[in-house]
Number of protein chains: 2
Amino acid sequence: MSIIRNIFKYQSSNKDRQFLVTITQLIGFKPKKIKPYQTAFTHRSLNLKNDKGHSVNYERLEFLGDAMLSAVIADHLFIEVPSGDEGYLTKMRSKIVSREHLNELGEALGLVNLIKSKIPKTQFGRNIHGNLFEALVGAIFLDKGYKFCEKFIYKTIIIPHVDIAKLEGKVISYKSLLIEWCQKEKKTFTYNIYDDTGIDELRHFAVKLVIDNKVIGKARATSKKKAEEKASKRAFFVLQKEIEA
Amino acid sequence: MSIIRNIFKYQSSNKDRQFLVTITQLIGFKPKKIKPYQTAFTHRSLNLKNDKGHSVNYERLEFLGDAMLSAVIADHLFIEVPSGDEGYLTKMRSKIVSREHLNELGEALGLVNLIKSKIPKTQFGRNIHGNLFEALVGAIFLDKGYKFCEKFIYKTIIIPHVDIAKLEGKVISYKSLLIEWCQKEKKTFTYNIYDDTGIDELRHFAVKLVIDNKVIGKARATSKKKAEEKASKRAFFVLQKEIEA
C-alpha cells in the first residue's frame, strides 16, 4: 500500500514539476507560489473545494485580473496619451481590454491547453480564452504583486499589441499605408506567404514582406490578413524615417 | 524690477511650501514630486496648459485614480471575502466606490478647500468631492507608485469604512445591534450628543456612548445619526467578546 501511495505521490509531484516549468515559460519568471496558477487553470466543472469549503476555480481570479489589467493599462495610457481627456482614455482602454482582444491574447498563449476540467475543451465557448488570460493575470498578482503583473501585461499586451496611433484612428491599416508609400516611391513590393503551423494546434501563417528585393518585415499569425498587417507594421517602423521624410 | 520679481518668487515659493506641508499632512507621507498634487487640485476653469499645449487639470487624474481604487479594493475583497464569487465581489466593490461614498470621503478630508479655480467653491456640485478624491489617488500613484497608493486607500477607505459584515448585509446597524444587546443584558445606555464643529466648515457632532455609566465608544461626524452609528460600531468591537458569548 505504501509503495502504491509513494508511486502516486511521485507521479503527482512529477506533474507539479511539469506544470511549474510550463508556467515559468509562459510568464517569463519563476513563480513563488504555484497554488494561484493551479487555481487559474481549474474549471468549475471539477467542483473543487478548499479545506474551508470554498469553491476553487478560476472565476474569482478573473475579477482580480480584470482589475489589475484595467489599472496597468490606465497607467500606460495616462502617460502615453497626454492629450487625451478622461472620456477618451476610458474609450481607448475599453478597446484594449475588449472581450474579443482578451480572447485573442489567451488563444495565442494557448492557455486552454493547461485547463483542468470535466468538460472537453472543444465544448468551451470562445470566452474561455479571455477568461483564462484574466485569471492568469490575477494569479501573477497574488503570487508576485503589482510590479510583476505590470511586467507581464507589458510583455503580452502593451508591447506587441497596444498601438496608440492605430487606436487613435490615425493609422487604420499599416498594410495600406505601406502600399501607398511603395507606389508613390515607385518601389516593388511582395507579401510572400506560406503555411507555418509548427507545433501549434491552430493553423499559422508566416509572411515575408519584400520591398525592392529586400526582406523588410517578417511576421507570423493565425490568419493571412493578420500576418500581413503585422509584417507591414514592423516594416513601417523600420522605414519610418524614410516614409515620414 | 528684480526686487519685485524676487518678492513674487518668495511669495510663490512660500505658497508652494505651504501646499507641500498641507499635502504631507493629508496623505501621511512626504511627496517626492509636488506637480501631480498641484494638478490634482487644479480646476478646468483656470484653463491651464503645459508647455506642450495640453490642458492641465484634475480630470485625467480622476481616470488614473479610479483605476487604482478599483484595483486595490478588488485585491482587498478577494482576500477578505473568500466565499464570494466573481459577481458578488463586483457588487461589493461598486458599493465601496459608489459616487456617494467617494463624495463623503472627499468631503470628510476637506479636499475642496485646496482647489484652485475661477468658479467659487459654493457653485460646485456635490461630485466635486469624489472627483478630487479620485484625482488625489491618481496623483499619489504617479508620485509614489502602487504600494503607497494602496497604503493611502487602506488608511482613508478600507480601515475606517469598509465593513465586510455590513456590506454583506449581516449587520445593518450597529446601533440597533447594541441597543438590543443592552436590553437583553439589562444594561443602561445613553448617547450623549453635543455640537463639536471645531475648525471645520461644516457642522459636526460628537457623541459619547455610555453603557452602565462607562464611556464605551466615542465618535464625531457631520450628522447625529452618523456619529451614533460610528460610536456604536466602535463599542461593538470593544464589547465583541461579551456580545458574541
| said: A quick test of your reading: do over 12 heavy atoms of other residues, nucleotides or ligands sit less than 6.0 Å from NZ of A/K155? | reply: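 For A/K155, atom NZ is crowded (more than 12 foreign heavy atoms under 6.0 Å).
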Pick from [options]: which one has the most heavy-atom pairs with chain A under 4.5 Å?
{"options": "B/D75, B/L77, B/D85", "value": "B/D75"}
{"options": "B/L64, B/L61, B/N50", "value": "B/L64"}
{"options": "B/R93, B/E86, B/R60, B/H54", "value": "B/R60"}

| field | Heavy-atom pair count under 4.5 Å with chain B, highest-scoring of A/A71, A/A74, A/P82 | value |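 Most heavy-atom pairs under 4.5 Å with chain B: A/P82.
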| task | On the 0 to 90° scale, with breaks at 30° and 60°, tag the A/H101-A/H161 ring pair as parallel, tilted or perpendicular. | result |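 Taking A/H161 first and then A/H101, their aromatic rings stand perpendicular (interplane angle over 60°).
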| request: For the pair B/E229 and B/K226, find out whether any cationic side-chain nitrogen is under 4.0 Å from an anionic carboxylate oxygen. | output: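 Judged by the 4.0 Å cut-off on N to carboxylate O distance, B/E229 and B/K226 do not form a salt bridge.
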| field | Any side-chain donor near an acceptor of the partner, B/R126 and B/N131, under 3.5 Å | value |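 No pair is found: no donor N or O on one side chain lies under 3.5 Å from an acceptor on the other.
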| task | Report the C-alpha distance between A/E150 and A/K144 in whole Å, list the side-chain angles of each, state the deciding distance to 0.1 Å, and finish with yes or no for salt bridge (Lys or Arg N to Asp or Glu O under 4.0 Å). | result | CA-CA 10 Å; A/E150 190 181 31; A/K144 303 273 276 183; over 6 Å; no
| task | Measure B/S83 against the heavy atoms of chain A and call it side chain, backbone, both or neither at under 4.5 Å. | result |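 Contact with chain A is through both the backbone and side chain of B/S83.
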